[in-house]
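Written below as structure tokens is the structure these notes are about.
Along the sequence shown, residues are numbered consecutively beginning with 1. Atoms considered below: every heavy atom in the structure, side chains included; atoms not considered: hydrogens, waters and symmetry mates.
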Amino acid sequence: MKKRILSAVLACVMTAASAAALSGCSGGDQDSGGEVTISVGSLPSQETEPERYQVYLDYIEKYEEMYPGRKVEIDTSNMDDMDQIMVNGAAGLLPNLFRVPYTNMQLMIENGYARDITSIMQERGYDTTLRPELLDMVSDDGGNYYGVPASGYMMGMMYNMNLFEQAGLVNEDGTIDVPQTFDEVAETAQIITEKTGKPGFAIQAKDRECGWTFMNIAWNYGVNFMEEGADGKYTATFDSPEMISALEWLKDMKWNRKAMPENMLIDRTEIIKLFATDQLGMLICAEDFLPRPTKEYEMDKNKVASSAMPAGPNRRYSLIGGTVFVVSPETTDEQLEAIFDWIDLIGYAPEISQEAQDNTKKDLEARVANDDLIIPASFSVFADPERQKVIDELYAPYINVDTKIMPGLGSDEVTMHMEEPEDSQQLYQVITNIIQEILQNENADIPALVKQGQENFQKDSLDK
């Protein structure tokens with residue numbers, strides 16, 4: 001992924017820099033009149049989420065009333081595209097505030113596209129109130145902070161209630177007995193397949209997202225993918241009985257239970273389509289999967305169920321993800337103060353002011369108007385349970401799903417697991433290659449594939 005992004009930077013940075021010179025464009029700054037202007041990116045789209053976009057216009061109006069002499073400019077560049085973010089970073093064109101996924105935070109730090117915000121994080125109490133595991137993800141090796149965790153999620157399971165009904169797996173009260181272990185996932189998938197003729201379970205195996213998804217199974221089977229030596233270098237360690245067992249689970253699902261689709265080389269878009277059109281019973285999902293069947297295929301939202309990640313033989317982990325607020329390196333000290341006041345106003349500070357609560361309500365109202373799914377806020381980036389209680393109370397009137405079948409994906413019984421620390425994207429590709437062979441070849445030699453995969457990952461990634 002890094003190679004692809006950096007290639008895009010080399011190809012495009014001169015064009016971006018030239019465009020900036022012609023247009024006189026730059027991030028917001030302190031102008032000659034003494035105003036402090038901040039540019040803010042990663043906002044809701046005016047085209048696809050007009051109600052939420054208007055909420056942010058209201059935020060800006062309120063902010064500028066509260067802080068005379070400050071201005072907020074909306075940056076409209078595509079800040080959802082990491083290629084574009086890297087190009088903008090190389091050209092010095094990043095907005096003062098934007099978001100990136102946790103998975104790309106170290107890339108921003110390593111390339112110098114994020115400002116060190118340690119002092120203000122400490123001054124305002126973020127360092128003692130945010131979850132330590134999330135702070136680790138926005139820090140460098142010296143413990144300095146370069147981002148503010150903004151959102152988070154835990155991965156879990158997604159269930160098609162139509163197929164569960166056809167398979168006779170819905171209780172009298174309309175609930176389902178969600179699988180608590182991967183053995184139960186296999187048993188449930190087989191029942192669905194036998195009773196409905198539809199695949200009970202699938203994993204998107206077309207690209208490296210397959211490896212990303214499979215991590216949740218592998219960790220729960222006890223797989224340790226790498227170890228760090230005293231010299232700071234990593235050694236691959238996934239050629240293990242635990243890894244073989246996790247892959248044997250997939251092989252059993254495909255070839256013995258016959259509970260997976262015949263064609264497994266599908267991506268995220270295809271797996272959502274299969275689910276939404278009643279062609280698939282269960283899948284592992286992230287939170288952003290949940291609304292897609294309803295939004296894209298008009299599936300009844302009450303026919304989409306969810307649960308926390310099932311357990312393996314002796315562990316119950318879930319990959320965590322989400323987004324981080326990042327401050328561009330060109331941002332001045334005055335702008336940094338203004339940015340943290342902005343973050344406070346929109347409800348992401350350790351203490352939730354009344355204004356922030358009112359703004360959160362407006363945002364929820366806009367999401368309801370946009371026909372978004374509002375599920376319980378089961379994950380907080382803050383460790384304070386009292387803060388979470390306030391959020392729960394804010395969300396309660398706007399929840400528009402049946403929480404008996406869609407309680408969210410988080411659970412106190414599941415331990416959060418960060419991505420592997422070194423070259424995780426390439427690791428996902430190595431795992432994907434192994435899984436593709438297993439799902440297409442009934443006689444695949446799993447131990448040999450794992451051994452070769454570990455050797456390749458060590459040689460091609462960790463040793464470099």
Side-chain angles (χ1 to χ4, degrees), residues 1 41-45 47-49 51-53 78-82 85 98-105 134 137 149-160 202-204 206-216 266-276 280 282-299 301 303-309 318-325 348 363-364 366-368 370-381 391 395 398-401 403 405-411 414 416-419 424-425 428:
M1 180 175 182
S42 306
L43 297 185
S45 165
E47 289 73 28
T48 61
E49 297 182 273
E51 294 86 359
R52 292 195 69 212
Y53 182 79
N78 184 8
M79 300 307 292
D80 293 327
D81 183 342
M82 276 305 300
I85 288 173
F98 57 99
R99 294 197 199 200
V100 301
Y102 289 107
T103 50
N104 294 118
M105 193 61 220
L134 299 184
M137 297 175 75
S151 66
Y153 65 82
M154 299 172 73
M155 294 184 70
M157 293 287 292
M158 194 166 165
Y159 309 102
N160 181 310
I203 185 171
Q204 58 273 31
K206 185 175 183 179
D207 51 37
R208 68 179 57 178
E209 191 169 287
C210 173
W212 171 75
T213 303
F214 180 75
M215 301 302 283
N216 296 279
I266 56 177
D267 59 13
R268 180 187 295 210
T269 299
E270 182 64 21
I271 204 169
I272 292 293
K273 180 180 179 180
L274 291 173
F275 181 92
L280 177 63
M282 298 181 289
L283 67 150
I284 295 172
C285 70
E287 192 168 286
D288 62 341
F289 283 46
L290 296 175
R292 289 188 62 179
T294 300
K295 297 285 284 187
E296 297 173 21
Y297 296 94
E298 299 183 352
M299 185 178 183
K301 66 185 178 184
K303 298 300 182 180
V304 181
S306 67
S307 77
M309 189 67 65
S318 171
L319 177 65
I320 61 171
T323 60
V324 181
F325 284 122
Y348 290 89
D363 188 53
L364 287 165
R367 289 173 60 191
V368 170
N370 195 50
D371 202 27
D372 292 343
L373 295 187
I374 311 296
I375 62 177
S378 57
F379 185 100
S380 174
V381 298
I391 294 294
Y395 267 70
Y398 301 98
I399 292 171
N400 57 7
V401 297
T403 57
I405 64 169
M406 189 185 285
L409 303 179
S411 169
V414 182
M416 294 183 293
H417 200 302
M418 294 182 289
E419 284 194 298
S424 59
Q425 294 295 324
Y428 297 155

Kindly say whether [Y] contributes a backbone atom to a donor-acceptor pair with the side chain of [X] at under 3.5 angstrom?
X: Asn216; Y: Thr213; result: yes
X: Asn400; Y: Asp372; result: yes
X: Ser318; Y: Val414; result: no
X: Asn370; Y: Glu49; result: no

Measuring from atom [atom1] of [X] to atom [atom2] of [Y], what distance do you get when rounded to the nearest 0.5 angstrom?
X: Tyr102; Y: Ile320; atom1: OH; atom2: CD1; answer: 7.0 Å
X: Lys301; Y: Ile405; atom1: NZ; atom2: CD1; answer: 11.0 Å
X: Phe275; Y: Met299; atom1: CZ; atom2: CE; answer: 4.5 Å
X: Ile284; Y: Met155; atom1: CD1; atom2: CE; answer: 6.5 Å
X: Met154; Y: Ser411; atom1: CE; atom2: OG; answer: 7.0 Å
X: Ile266; Y: Lys206; atom1: CD1; atom2: NZ; answer: 10.0 Å

So, using salt bridge (Lys or Arg N to Asp or Glu O under 4.0 Å) as the criterion, who are the partners of [X] when residues are at least two apart?
X: Glu209; answer: Arg268
X: Lys273; answer: none
X: Glu296; answer: Arg292

Lys295 NZ: over 12 foreign heavy atoms closer than 6.0 Å: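 Check passes, neighbour count above 12.
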Verdict with supporting geometry, Tyr53 and Ser45, side-chain contact (heavy atoms from CB on, under 4.5 Å): CA-CA 6 Å; Tyr53 182 79; Ser45 165; over 6 Å; no
Test log, rule side-chain contact (heavy atoms from CB on, under 4.5 Å), inputs Phe289 and Leu283: CA-CA 10 Å; Phe289 283 46; Leu283 67 150; 3.8 Å; yes
Chi angles and distances behind the side-chain contact (heavy atoms from CB on, under 4.5 Å) call for Thr103, Ser424: CA-CA 9 Å; Thr103 50; Ser424 59; 5.9 Å; no
Which atom names give the shortest non-hydrogen contact between [X] and [Y], and what distance separates them?
X: Tyr348; Y: Phe325; result: CG-CE1, 3.6 Å
X: Met418; Y: Leu319; result: C-CD1, 4.1 Å
X: Ala286; Y: Leu409; result: C-CD1, 3.8 Å
X: Val100; Y: Ile85; result: CG1-CD1, 3.9 Å
X: Tyr398; Y: Val368; result: O-CG2, 4.0 Å
X: Ile203; Y: Cys210; result: CD1-O, 3.9 Å

Distance-only donor-acceptor check, side chains Arg99 and Thr323, under 3.5 Å: yes
Full working for side-chain contact (heavy atoms from CB on, under 4.5 Å) between Arg367 and Leu373: CA-CA 8 Å; Arg367 289 173 60 191; Leu373 295 187; over 6 Å; no
Validation row: [X], [Y] side chains within 4.5 angstrom (heavy atoms):
X: Asn160; Y: Lys303; value: no
X: Leu290; Y: Ile375; value: yes
X: Ser306; Y: Cys285; value: no

